[in-house]
Amino acid sequence: MFLLLSLYVCGLLLRGDAQDQAALWRGNDRSGRCQYTFTIPSPVESSCPQTGGPEMEDLKARLNLLEVLVYQVTGKDTERPRVGVARAQADLQDALNRAVGERNLLQEEKERLERELGALQRRMDEMRRETERLRNKPCPPQTPMVPPSPPLQNSGVVRPAGGSSPMSPLVNRPNRQGDSRNLRDSEWQYGRPGYQELKAAVTEIPAPVGSDENIGCGELISVANPVTHRKADNIAGKYGVWMQDPEAVSPYGPDMVWRIDTIGTEVRQLFGYEDMEQLSKGFPSKVLLLPELMESTGATMYRGSLYYQRRRSRTLIRYDLSSESIAARRDLPHAGFHGQYPYSWGGYTDIDLSVDEQGLWAVYSTSKAKGAIVISQLDPHSLAVKKSWETNIRKTSVANSFIICGRLYTLSSYSAANATINYMYDTATSQGKAIAVPFKNQYLYTCMVDYNLPQRKLFAWDNYHLVSYDLKLGRTQAN
């Protein structure tokens, strides 16, 4: 019935040539039922008034879904997946770059640890050889005892109490070198059992170099030729600072020597050596990492603390060695920094800290002083300025400076082999004057000169080399 009705309706609609163009399709619908479809061209309209409709939108949605499915199955590019692939590639490249950077850092750390391990291994081998040498060293022969004998008149010999053998007073003096061979090889020997007369000659023994008897605390008279203690291992040691604490605090002793290499922007490693011998061998017993970056070669050591200038600032820092933490910080008022008023060699040496018999000092300049050297005595606990002096010599015109007994001394050149200490300013009288004390730049690039109070010498850093100078000072004039 349905089929006949459809054919009847179609027959009514067909007109002329349109009947020849009619088409009939048969197929199952979505529910599986058989469905007949007739297509008849319009005899009046050349085209439909609408180009879309729900069917067209549904078809587009199906096509888009099909494109996505095809991409997922075949991996072929479409515009949207291509953007995602580019983003994924960029993320992978960033991850690769980070991995390469971390690998390089780990490689550098590995090489550093291998170097330290090699140095420790060499030190262990050296100690092992020294132990073996001491073990194989024969014991010194015993000096025969001399039987007691009666003293002779006018012999000039003192007889000890208790009936022991007579001897010169000088025999009882302890052996300074701690080696019994000095006594055995000297002319003070017993030839045969019995009495032997010993004659003593009184000679004058010179005071040790650097002692109070020799150095005084007057004006600087002379500076000896430099003594080289160590050469730096690499480029990081071209510039640096080394020092000792004149009032060392536990757990570090008075013989401890400290060193900082100041090349680069990450200056924060402080190396400690038990004594000068260990420094010369290059075996640090302590390495500390400063919590704030340091600038230049102006650091100093005093009363268990390291005093230094914070990088790119006028801030002074007191770093406590025992707690390994910052104990105080304070800005040095109006001080130039980071190349505003450096020494003539450069190196951002705007603020130079030092210690002498009178305490902690800072040498710097300000815009108010128009580049002239300003000297300030600082409170070692709080870093506050206690008193200041303004000189009439420009800071950029001198190569370096140091303070001894409250007097500032400036160096004429950092690179001339035969330089001079050319100016002295006395804070006690607030007067300055020109002087001419010869000073030798052994390696032609002195970047640091400081007074070392424990040894009463000058310590300097000269083109990779750590050197020291003996001093001679005049006597302080009595009032």
Side-chain angles (χ1 to χ4, degrees), residues 97-98 100-119 229-243 257-273 279 282-301 305-319 321 324-326 329 332 335-354 364 396 399-400 414-415 441 443-450 459-467:
N97 293 338
R98 289 195 299 271
V100 171
E102 292 176 357
R103 184 195 67 181
N104 293 337
L105 291 176
L106 290 174
Q107 183 65 29
E108 293 177 359
E109 183 68 13
K110 175 185 175 184
E111 293 174 355
R112 184 184 67 81
L113 292 175
E114 287 177 348
R115 290 194 298 270
E116 293 182 358
L117 179 61
H229 299 276
R230 177 166 175 77
K231 181 180 179 181
D233 299 324
N234 50 52
I235 185 62
K238 180 176 176 62
Y239 312 139
V241 55
W242 67 300
M243 55 210 147
V257 183
W258 301 91
R259 182 197 105 232
I260 305 175
D261 299 332
T262 59
I263 282 286
T265 58
E266 296 287 328
V267 179
R268 64 193 316 162
Q269 284 187 317
L270 175 63
F271 299 92
Y273 303 84
L279 172 72
F283 299 130
S285 59
K286 187 71 174 180
V287 180
L288 300 176
L289 193 65
L290 302 177
E292 297 278 1
L293 297 180
M294 192 182 93
E295 182 151 283
S296 193
T297 60
T300 192
M301 195 78 66
S305 294
L306 173 72
Y307 296 81
Y308 68 96
Q309 175 192 355
R310 183 177 178 271
R311 176 171 166 78
R312 290 182 176 272
S313 73
R314 60 172 60 92
T315 303
L316 303 182
I317 290 178
R318 179 168 75 89
Y319 175 76
L321 298 176
E324 299 183 12
S325 62
I326 295 178
R329 66 169 69 226
L332 188 58
F337 63 93
H338 203 64
Q340 190 174 2
Y341 303 112
Y343 292 127
S344 61
W345 76 270
Y348 304 120
T349 48
D350 300 75
I351 300 176
D352 191 6
L353 302 173
S354 61
Y364 59 104
T396 56
N400 226 301
Y414 62 91
S415 58
N441 291 308
Y443 302 101
L444 308 180
Y445 208 104
T446 299
C447 65
M448 164 255 168
V449 182
D450 267 330
F459 275 15
W461 197 296
D462 188 358
N463 201 11
Y464 295 94
H465 295 82
L466 281 65
V467 299

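Values reported hereafter were calculated over all heavy atoms of this structure, with side chains retained and with hydrogens, waters and symmetry mates removed. By convention here, the first residue in the shown sequence is residue 1.
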Trainee: Is a side-chain donor or acceptor of Arg329 paired with a backbone partner of Ile317 at a separation under 3.5 angstrom?
Mentor: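 No, Arg329 side chain to Ile317 backbone: no donor-acceptor pair under 3.5 Å.
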Trainee: Taking Asp261 for the side chain and Ile263 for the main chain, is one N or O donor matched with an acceptor at less than 3.5 Å?
Mentor: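 Side chain of Asp261 to backbone of Ile263, a donor-acceptor pair under 3.5 Å: no, none is there.
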Trainee: Under 4.5 Å between any side-chain heavy atoms of Thr265 and Arg311, yes or no?
Mentor: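 They are in contact (side-chain heavy atoms under 4.5 Å apart), so the answer is yes.
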Trainee: As a quick check of understanding, evaluate side chain to side chain contact (heavy atoms under 4.5 Å, CB included) for Tyr464 and Ile235, giving each step before the final call.
Mentor: CA-CA 8 Å; Tyr464 295 94; Ile235 185 62; 3.0 Å; yes
Trainee: Counting distance only, does the side-chain N/O of Thr297 pair as donor-acceptor with the main-chain N or O of Cys447 below 3.5 Å?
Mentor: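 Side chain of Thr297 to backbone of Cys447: a pair is present.
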Trainee: Give, for atom CE of Met243 and atom OG1 of Thr300, the distance between the pair rounded to the nearest 0.5 Å.
Mentor: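 Answer rounded to 0.5 Å: 7.0 Å.
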Trainee: Test salt bridge (charged side-chain N to carboxylate O under 4.0 Å, His left out) on Arg112 and Glu108 and set out the steps.
Mentor: CA-CA 6 Å; Arg112 184 184 67 81; Glu108 293 177 359; over 6 Å; no
Trainee: Determine whether Ser305 and Leu321 make a side-chain contact, defined as any pair of heavy atoms from C-beta on separated by less than 4.5 Å.
Mentor: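 Of all side-chain heavy-atom pairs linking Leu321 with Ser305, none is under 4.5 Å.
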Trainee: With rounding to the nearest 0.5 Å, note down the distance linking CZ in Arg310 to CE in Met294.
Mentor: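 That separation rounds to 14.0 Å.
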Trainee: What distance do Leu466 atom CG and Lys231 atom NZ have between them, rounded to the nearest 0.5 Å?
Mentor: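 One finds 12.5 Å between CG of Leu466 and NZ of Lys231.
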Trainee: Determine whether Trp461 and Trp242 make a side-chain contact, defined as any pair of heavy atoms from C-beta on separated by less than 4.5 Å.
Mentor: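 A side-chain contact exists here, since the closest heavy-atom pair is under 4.5 Å.
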Trainee: Quick one: which residue pairs count as a salt bridge (Lys or Arg N to Asp or Glu O under 4.0 Å) with a foot in residues 335-354, not counting sequence neighbours?
Mentor: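 As it turns out, there is no salt bridge (Lys or Arg N to Asp or Glu O under 4.0 Å) pair with a partner in residues 335-354 once direct neighbours are skipped.
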Trainee: Check whether Ser296 reaches the backbone of Gly347 with its side chain - one donor and one acceptor, N or O, closer than 3.5 Å.
Mentor: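 Here the side-chain-to-backbone pair exists.
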Trainee: Just jot down the side chain to side chain contact (heavy atoms under 4.5 Å, CB included) partners of Tyr445, sequence neighbours excluded, or say none.
Mentor: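 Side chain to side chain contact (heavy atoms under 4.5 Å, CB included) check on Tyr445 returns Tyr239, Trp345, Tyr414, Asp462, Asn463.
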Trainee: At their closest point, which heavy atom of Ile260 faces which heavy atom of Gln269, and how far apart are they?
Mentor: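 Scanning both residues, the minimum pair turns out to be CG2-O, 3.6 Å.
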Trainee: Are Thr446 and Asn441 linked by a side-chain donor-acceptor pair shorter than 3.5 Å?
Mentor: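 Note: Thr446 and Asn441 side chains meet the donor-acceptor criterion.
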Trainee: In this structure, are over 12 heavy atoms from other groups packed under 6.0 Å from Phe337 atom CZ?
Mentor: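 Yes, enclosed.
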Trainee: For Ala299 and Asp450, work out which heavy atoms get closest and say how close.
Mentor: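 For Ala299 and Asp450, the tightest heavy-atom pair comes out as O-OD2, 4.0 Å.
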Trainee: Determine whether a donor-acceptor pair (N or O, by modelled atom type, separation under 3.5 Å) exists between the side chain of Thr349 and the backbone of Tyr343.
Mentor: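 Pair found, side chain donor or acceptor close to backbone of Tyr343.
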Trainee: Using a 3.5 Å distance criterion without hydrogens, assess whether the side chain of Tyr319 forms a donor-acceptor pair with backbone atoms of Pro291.
Mentor: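 Side chain of Tyr319 to backbone of Pro291: no pair is present.
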Trainee: Between Glu295 (side chain) and Arg312 (backbone), is there a donor-acceptor pair under 3.5 Å?
Mentor: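 Between the backbone of Arg312 and the side chain of Glu295 there is a qualifying donor-acceptor contact (under 3.5 Å).
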Trainee: So, Glu111 side chain and Arg115 main chain: donor-acceptor pair closer than 3.5 Å or not?
Mentor: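 No, because the side chain of Glu111 does not come within donor-acceptor range (under 3.5 Å) of the backbone of Arg115.
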Trainee: Would you name the heavy atoms of Ser344 and Ala399 that are closest together and state the gap between them?
Mentor: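 Nearest pair, atom of Ser344 first, then Ala399: OG-CA, 3.2 Å.
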Trainee: First locate atom CH2 of Trp258, then atom CE of Met301, and finally report the distance between them rounded to the nearest 0.5 Å.
Mentor: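 Atom-to-atom, Trp258:CH2 and Met301:CE are 5.5 Å apart.
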Trainee: Just by distance, do the side chain of Arg314 and the backbone of Ala335 share a donor-acceptor pair under 3.5 Å?
Mentor: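 Present.
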Trainee: Can you tell me how far apart CZ (Arg318) and CG (Leu353) are? Round to the nearest 0.5 Å.
Mentor: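 One gets 13.5 Å once the value is rounded to the nearest 0.5 Å.
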Trainee: Within this structure, what is the OH-CD distance for the pair Tyr348 and Gln309, rounded to the nearest 0.5 Å?
Mentor: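 Interatomic distance, Tyr348 OH to Gln309 CD, rounded to 0.5 Å: 11.5 Å.
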Trainee: Sequence neighbours left out, what passes side chain to side chain contact (heavy atoms under 4.5 Å, CB included) with Lys286? Give chain and number order.
Mentor: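 Applying side chain to side chain contact (heavy atoms under 4.5 Å, CB included) to Lys286 gives Tyr252, Met256, Leu288, Glu324.
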